[in-house]
Amino acid sequence: MRSIFAILFILGLFKNAFSEEGYCSAPSGLSTEAKAKPLYWKVDNPTLSPVHLKDLPGFTRSVYKTTHALISPESHVYGPLPDWSDTTGAYLISPEMGSHFLMYLAKLKDNSRSGLPLPGVERFIFVLQGTVTVSNATGVSQLLKVDSYAYFPPNFEHSIESDALGTIVVFERRYSPLANHIPEPLVGSTDKQPLLETPGEIFELRKLIPTSLAYDFNIHIMDFQPGEFLNVKEVHYNQHGLLLLEGQGIYRLGDSWYPVQAGDVIWMAPFIPQWYAALGKTRTRYLIYKDANRSPL
């Protein structure tokens, strides 16, 4: 019974939030200005804020608990990234909260250049805004645009550079080696990855990293149309780090129900019940980290 009241309460918040100038109050037809906006622009331009609370000093939707965290954009704290030049970063998920991986946003400027991860640490980047150039130790370079990504194995010499404003999301974790399996560096883009079967589910799924045993985690891109939801109420040993790229909905984490939107970051500890439903008038797309291919022992 408490869960039913919780859902009704959250849906009431959505109604209040969007009844005036919120996301869902926009006409169904896209204006010329809306059509011109770049992909994932809402990650840095959140719109979800209950009308009666948005001007209240100290208000935030961010929550931290021992089993999960929701970090909303108004809570991001940026500072210099160690060993990066002309770059500021906001650490959003880190081992201090109980995770075994690191997730942060990096804002690049003119002449930005990355540092290297710590020894034994692998890195994955995904471009949210602008363009970046990734290079290896031999000088081979590739240009990454929005919706493109790169994976760098542990101890792999590389650099990430930009000559203009850009934003990337970065995942780092200490690699768990497996005998006779060596990960390779990767560069790719979401639109080049095939849609995978999701038995019993209706969302669309793409995996950005190969599923072979050489890799100890994966990054999924999941798309939901308005009204679609997870069929399985998941409970598993894997940890998650999630960034909503587009859309809005409601996320259940344990016994709590959260309205979420593009720009929100979620950490999920092992075995916490989790479930998502997409709301609004446009698709939800989120990027989600999941450890894989290793025994939890």
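A donor and an acceptor atom, one from each side chain of Tyr251 and His68, are nowhere located under 3.5 Å apart. Checked by atom type, the side-chain pair Thr60/Glu74 shows a donor-acceptor distance below 3.5 Å. A donor atom on one side chain and an acceptor atom on the other are not found under 3.5 Å apart for Ser159 and Ser114.
Using a 4.5 Å heavy-atom threshold, the side chains of Asp264 and Pro73 count as touching. A heavy-atom distance below 4.5 Å is found between the side chains of Glu246 and Arg283. With contacts defined as side-chain heavy-atom distances shorter than 4.5 Å, the pair Thr131/Thr133 does not qualify. At a threshold of 4.5 Å between non-hydrogen side-chain atoms, the residues Trp275 and Pro273 do not count as touching. Side-chain atoms of Ile219 and Leu287, non-hydrogen and from C-beta on, do get closer than 4.5 Å to each other. In this structure, the side chains of His220 and Leu205 come closer than 4.5 Å at one or more pairs of heavy atoms. Asn136 places none of its side-chain heavy atoms less than 4.5 Å from the side chain of Glu157. Ser85 is listed as a side-chain neighbour of Arg113, based on a closest heavy-atom distance under 4.5 Å.
Below 30°, between 30° and 60°, or above 60°: for Tyr78 and His76 the angle between ring planes is above 60°, a perpendicular geometry. Using bins of under 30°, 30° to 60° and over 60° for the plane-to-plane angle, the ring pair His240/His236 lands in the perpendicular bin. Ring planes of Trp267 and Tyr64: parallel class, angle under 30° (limits at 30 and 60°).
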Derivation of the side chain to side chain contact (heavy atoms under 4.5 Å, CB included) call for Val169 and Leu105: CA-CA 5 Å; Val169 59; Leu105 293 177; 3.8 Å; yes

Please step through side chain to side chain contact (heavy atoms under 4.5 Å, CB included) for the pair Lys65 and Ser256, ending with a clear verdict. CA-CA 11 Å; Lys65 298 185 179 182; Ser256 300; 3.1 Å; yes

Step-by-step side chain to side chain contact (heavy atoms under 4.5 Å, CB included) determination, Ile266 to Val260: CA-CA 9 Å; Ile266 299 173; Val260 293; 4.3 Å; yes

If you apply the rule ring-ring contact (aromatic ring centres under 6.0 Å, His included), what do you find for Phe101 with Phe217, and how did you get there? CA-CA 10 Å; Phe101 64 96; Phe217 75 95; 8.7 Å; no

Go through Met222 and Leu230 one step at a time and tell me if the side chain to side chain contact (heavy atoms under 4.5 Å, CB included) criterion holds. CA-CA 11 Å; Met222 297 174 65; Leu230 289 170; 4.2 Å; yes

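The cluster map of Ile, Leu, Val, Met, Phe, Trp and Tyr, joined by side-chain heavy atoms under 4.5 Å apart, puts Val121 and Met97 in different clusters. Under the 4.5 Å side-chain heavy-atom criterion for ILVMFWY residues, a single connected hydrophobic cluster contains both Met268 and Phe229. When hydrophobic clusters are built by joining Ile, Leu, Val, Met, Phe, Trp and Tyr residues whose side-chain heavy atoms come closer than 4.5 Å, directly or via intermediates, Val146 is not grouped with Leu143. Under a hydrophobic-cluster definition in which Ile, Leu, Val, Met, Phe, Trp and Tyr are linked whenever side-chain heavy atoms come within less than 4.5 Å, directly or via other members, Ile250 and Val63 are assigned to the same cluster. Hydrophobic cluster membership differs between Leu116 and Tyr91, with clusters built from Ile, Leu, Val, Met, Phe, Trp and Tyr side chains linked at under 4.5 angstrom.
Here the closest non-hydrogen pair linking Ser189 and Ser148 is CB-OG, 3.7 Å. Listed here is the closest heavy atom pair of Ala269 and Ile272: O-CG2, 3.1 Å. Nearest heavy atoms, Val134 versus Val187: CG2-CG2, 4.4 Å. Closest approach of Tyr286 to Leu244, counting heavy atoms only: CB-CA, 3.9 Å. Among all heavy-atom pairs drawn from Asn293 and Ser212, the shortest one is ND2-O, 3.0 Å. Considering all non-hydrogen atoms of both residues, Pro183 and Pro153 come closest at O-CG, 3.6 Å.
Counting only distance, with no hydrogens or angles, the side chain of Tyr258 and the backbone of Leu70 share no donor-acceptor pair below 3.5 Å. Distance alone, capped at 3.5 Å, is enough to place a donor-acceptor pair between the Glu201 side chain and the Asn231 backbone. Remark: the backbone N or O of Val170 is not paired with any side-chain donor or acceptor of Glu172 at under 3.5 angstrom. No donor-acceptor pair under 3.5 Å is formed between the side chain of Arg294 and the backbone N or O of Pro296. Thr284 contributes no side-chain N or O that, together with a main-chain N or O of Asp223, makes up a donor-acceptor pair within less than 3.5 Å. Checked by atom type and distance alone, the side chain of Arg206 pairs as donor or acceptor with a backbone atom of Gln193 at under 3.5 Å. With Ser94 contributing its side chain and Leu102 its backbone, the two residues share no donor-acceptor pair below 3.5 Å.
With respect to the salt-bridge test (charged N to carboxylate O, under 4.0 angstrom), the residues Asp86 and Lys109 do not qualify. Arg173 and Asp216 are joined by a salt bridge, as a carboxylate oxygen and a charged side-chain nitrogen come within less than 4.0 angstrom of each other.
Here the two rings, on Phe224 and Tyr276, have centers that are under 6.0 Å apart.
One distance of note links CG of Leu118 with CZ of Arg123; it measures 9.5 Å at 0.5 Å rounding. Atom CD1 of Ile221 sits about 4.5 Å away from atom OG1 of Thr190, to the nearest 0.5 Å. In this structure, Tyr104 OH and Ile93 CD1 are separated by 13.5 Å, a value rounded to the nearest 0.5 Å. Once rounded to the nearest 0.5 Å, the distance linking OG of Ser112 with CG of Leu165 reads 8.5 Å. The structure places CD of Glu122 at 7.5 Å from OG of Ser176, a figure rounded to the nearest 0.5 Å. For the atom pair CG (Asn111) and CG (Leu108), the distance works out to 11.0 Å, reported to the nearest 0.5 Å.
Remark: Asn155 CG is packed, more than 12 non-hydrogen atoms of other residues, nucleotides or ligands lying under 6.0 Å away. More than 12 heavy atoms of other residues, nucleotides or ligands sit less than 6.0 Å from atom CG of Asp191.
Partner of Tyr151 under the ring pair (Phe, Tyr, Trp, His ring centres under 6.0 Å) criterion, out of Tyr215, Phe171, Phe124: Tyr215 alone.
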